[in-house]
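In this chain, residues are counted from 1 in sequence order. Fair warning: this is a prediction, and the values are worked out from it, not measured in the lab.
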Amino acid sequence: MTNTAVAELLARSNRLGADPRNTNYAGGNTSAKGTETDPVTGEEVELLWVKGSGGDLGTLTEPGLAVLRLDRMRSLAGVYPGIDREDEMVAAFDYCLHGKGGAAPSIDTAMHGLVDASHVDHLHPDSGIAIATAKDGEQLTKEIFGEKVVWVPWRRPGFQLGLDIAAVKEANPQAAGTILGGHGITAWGGTSDEAEANSLWIIETAQAYLDEHGSAEPFGPEVPAYAALPQAERRAKAAALAPYLRAVASQDRAMVGHFTDADVVLDFLGHEKLTQLAALGTSCPDHFLRTKVKPLVVDLASDASVDEIIARLPELHAAYRDDYQGYYDRNATPDSPALRGADPAIVLVPGVGMFSFGKDKQTARVAGEFYVNAINVMRGAESVSTYAPIDESEKFRIEYWALEEAKLQRMPKPRSHAGRIALVTGAASGIGKAIAARLAAEGACVVIADLDLARAQEAAAEISGARGADVAVGVQADVTDATQVQAAVDATLLAFGGIDLLVNNAGLSISKPLLDTTEADWDLQHDVMAKGSFLVAQAAARAMIAQRLGGDILYISSKNSVFAGPNNIAYSAVKADQAHQVRLLAAELGEHGVRVNGINPDGVVRGSGIFAGGWGAKRAAVYGVPEEELGAYYAKRTLLGREVLPEHVANAAAVLTSDELSHTTGLHVPVDAGVAAAFLR
């Protein structure tokens, strides 16, 4: 049964973390102190439960808590070697763990353990950080809160900061919390409700002050040349720019992107202080660890053409990388971790919006959310004072902290398709859906395109599960329509920032002999699979080339592309067309690092939309077997005697598009359980 203190802590954490005005995703931490029976001694022992490293308050559960013996935690103060060696204390937390210890203790554990209060909250609210980053933040703290909140000058998170806040609490019994310079807030209480009330009071009081006393134009006057474009125009421009911006963000390593044109972003981009404030960078450690110290700003007016921006990007990118290298060189010591990459994580395009980048979609999205937090902080600070973030050297000490580096090194090895973005056509069912699910399971972001939007979205939701749109989205597309094809590719670019992998799977089949095949039958087959594959490959390849990251195009062809069977003229002919498109595109796109391969399945009956749509009944009639036995019939005629399922085709798709076959292009892989007549010669 969960301890009462723990239950109260989790409920409070979830409430605070659910409101972005209180803290950002995975930002801040909360704690509670209480007692439990030690299973070894049978005696009551005082414990500290605190959010573990990397957890998120809004979704925190008991396994996400670190559990420490409070007596041992407090005893660490007696062996503390001083601020120059405070990082050693993080390892010492492990010697304070109770039982299995729960989650790994975070760097802020000392703050919670050393402050003499039963419940402690450390949060990153925009309103609180606005005061914390104001040039005269200390004076504002006194003016806004009186003696109830105490200013604590900037100090890097760690054991010494915990000692500092504990001393503030002891010296100021009337205080409910602190403003941490350049960082955030800490509040406490004798009960969970009191701590939560104090946290919310600080946040709401700070916001009320900003609302009442803040200037109307904290970012300076509007700049008409940087005004937001109409929504349809800016989103079309964003899609056109996305692959080129992804190239900028991915010179060191491939990144996934996120786009937002939220009002708060467009407002910031459309005012005079954009360049000045962007150059100052973010302040809260949680912010710049996600966003880097500053963004790349496209210094062209809103009405600049896509071509003009593309032409400007190389110069802006080179300048950004030089600036970041200088930042590293100015601050690095012989013990500093190696430079992790000099590409921007945030790109601001006036009139259009913000692109954010990360190793996966969630990281990219959260980076964008953090920069929105930073915009809100800058607005608040500028409205009542002057925005004054922590010094560059302090930012570097956190970004290239040995403890942060150790955390990065502990990250699990990425899956085979991590960071890759796939578009799969005809993916609401059957082979396409199985491929999309397998690619997502291997770490890819997936766009499921289908004629039926509702079914595409249902498939995406099923594949994504609780991870939602960070994994898969569904879009409607008729692959015979060039406009709809481009819209599907644009949707991919806007959803995930680029495209690395195309699976041409959309198809249908009409099983008729030559004399019964109509011109309409022939045209429909060729429009969907020959023309459709061409249109989708063309639109996707254009984006892949712009990204300069290579890519994969995969055709789901058929055993029938090489096997001449009866009563199948239109279908088999168009599959042969697709098979040769593989060869033609492999020859043409190789210079861009784009691999083009194909899969030749056969007899995929179960789960197949084509077979369920009448093709199965017609093929069963041709072979003289009941339709429900068609899969077994196909299996018996194979060399292996096995039925082929959509998952088997998906397995081949995953291997063909992985690094395991990085030097393979122009290949067709049979997935037919062995049909000798379809052997490739």
Side-chain angles (χ1 to χ4, degrees), residues 426 429-432 434-435 503-533 554-584 597-650 652-653 667-681:
S429 64
I431 290 173
I435 291 174
V503 181
N504 262 323
N505 172 73
L508 78 161
S509 184
I510 300 170
S511 176
K512 292 181 181 180
L514 171 65
L515 299 184
D516 293 340
T517 299
T518 68
E519 184 178 352
D521 294 334
W522 180 272
D523 288 345
L524 179 59
Q525 292 271 261
H526 283 72
D527 277 352
V528 172
M529 289 185 284
K531 176 184 173 183
S533 295
L554 188 63
Y555 279 68
I556 307 305
S557 184
S558 170
K559 169 265 294 181
N560 288 53
S561 65
V562 293
F563 171 76
N567 304 331
N568 210 8
I569 177 65
Y571 179 81
S572 295
V574 78
K575 284 300 181 181
D577 184 311
Q578 283 188 311
H580 200 49
Q581 284 190 37
V582 168
R583 304 181 188 96
L584 293 167
N597 293 294
I599 297 176
N600 290 345
D602 182 49
V604 183
V605 178
R606 276 192 269 173
S608 168
I610 287 179
F611 277 92
W615 169 260
K618 292 176 181 177
R619 299 316 294 169
V622 168
Y623 297 120
V625 299
E627 184 178 358
E628 62 272 15
E629 297 178 14
L630 187 59
Y633 170 82
Y634 283 139
K636 289 177 182 177
R637 72 183 188 181
T638 68
L639 299 176
L640 297 176
R642 299 173 184 170
E643 184 175 357
V644 180
L645 302 177
E647 290 73 19
H648 301 138
V649 184
L667 174 70
H668 282 276
V669 175
V671 181
D672 57 12
V675 177
F679 281 174
L680 298 173
R681 297 179 176 85

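A donor-acceptor contact shorter than 3.5 Å is absent between the side chain of His668 and the backbone of Leu680. Within the 3.5 Å criterion, the main-chain N or O of Val644 finds no donor-acceptor partner in the side chain of His648. Between the Lys531 side chain and the Asp523 main chain, no donor and acceptor come within less than 3.5 Å of each other. Ser572 contributes no side-chain N or O that, together with a main-chain N or O of Ile569, makes up a donor-acceptor pair within less than 3.5 Å. Under the 3.5 Å distance criterion, the side-chain polar atoms of Thr638 are matched with a main-chain donor or acceptor of Ala635.
Listed here is the closest heavy atom pair of Ser533 and Asn504: O-ND2, 3.2 Å. Listed here is the closest heavy atom pair of Gly598 and Val582: N-CG1, 4.0 Å. Considering all non-hydrogen atoms of both residues, Met529 and Leu508 come closest at CE-O, 3.0 Å. Between Asn568 and Ser511, the shortest heavy-atom contact is OD1-CA, 4.4 Å. Residues Val671 and Ala652 share a closest heavy-atom pair of CG2-CB, 3.7 Å. The two residues Val604 and Leu645 have their closest heavy-atom pair at CG1-C, 3.9 Å.
By the neighbour-count criterion of 12 heavy atoms within 6.0 Å, atom CD of Glu519 is sparsely surrounded, having that number or fewer from other residues, nucleotides or ligands.
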- Step-by-step side chain to side chain contact (heavy atoms under 4.5 Å, CB included) determination, Asn597 to Val669: CA-CA 8 Å; Asn597 293 294; Val669 175; over 6 Å; no
- Check against side chain to side chain contact (heavy atoms under 4.5 Å, CB included), Leu524 and Ile510: CA-CA 9 Å; Leu524 179 59; Ile510 300 170; 4.1 Å; yes
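The OH atom of Tyr571 lies 4.0 Å from the OG atom of Ser558; values are rounded to the nearest 0.5 Å. Note: Leu515 CG to Asn567 CG = 10.0 Å, rounded to the nearest 0.5 Å. A distance of 11.5 Å separates NE2 of His580 from OH of Tyr555, quoted to the nearest 0.5 Å.
With salt bridges taken as basic N to acidic carboxylate O contacts below 4.0 Å, one links Asp602 and Arg637.
Residues Asp521 and Gln525 bring no donor and acceptor atom of their side chains to less than 3.5 Å of each other. Checking Gln578 against Ser557 by side-chain atom types alone, no donor-acceptor pair falls below 3.5 Å. Side-chain polar atoms of Tyr634 and Glu643 form no donor-acceptor pair below 3.5 angstrom.
When side chains are defined from C-beta on, Leu639 counts as touching Phe679, because their heavy atoms get closer than 4.5 Å. Contact check for Ile435 versus Ile556: side-chain heavy atoms found under the 4.5 Å cut-off.
Under the side-chain contact (heavy atoms from CB on, under 4.5 Å) rule, Ile599 has a single partner from Asp672, Leu554, Val503, which is Leu554.
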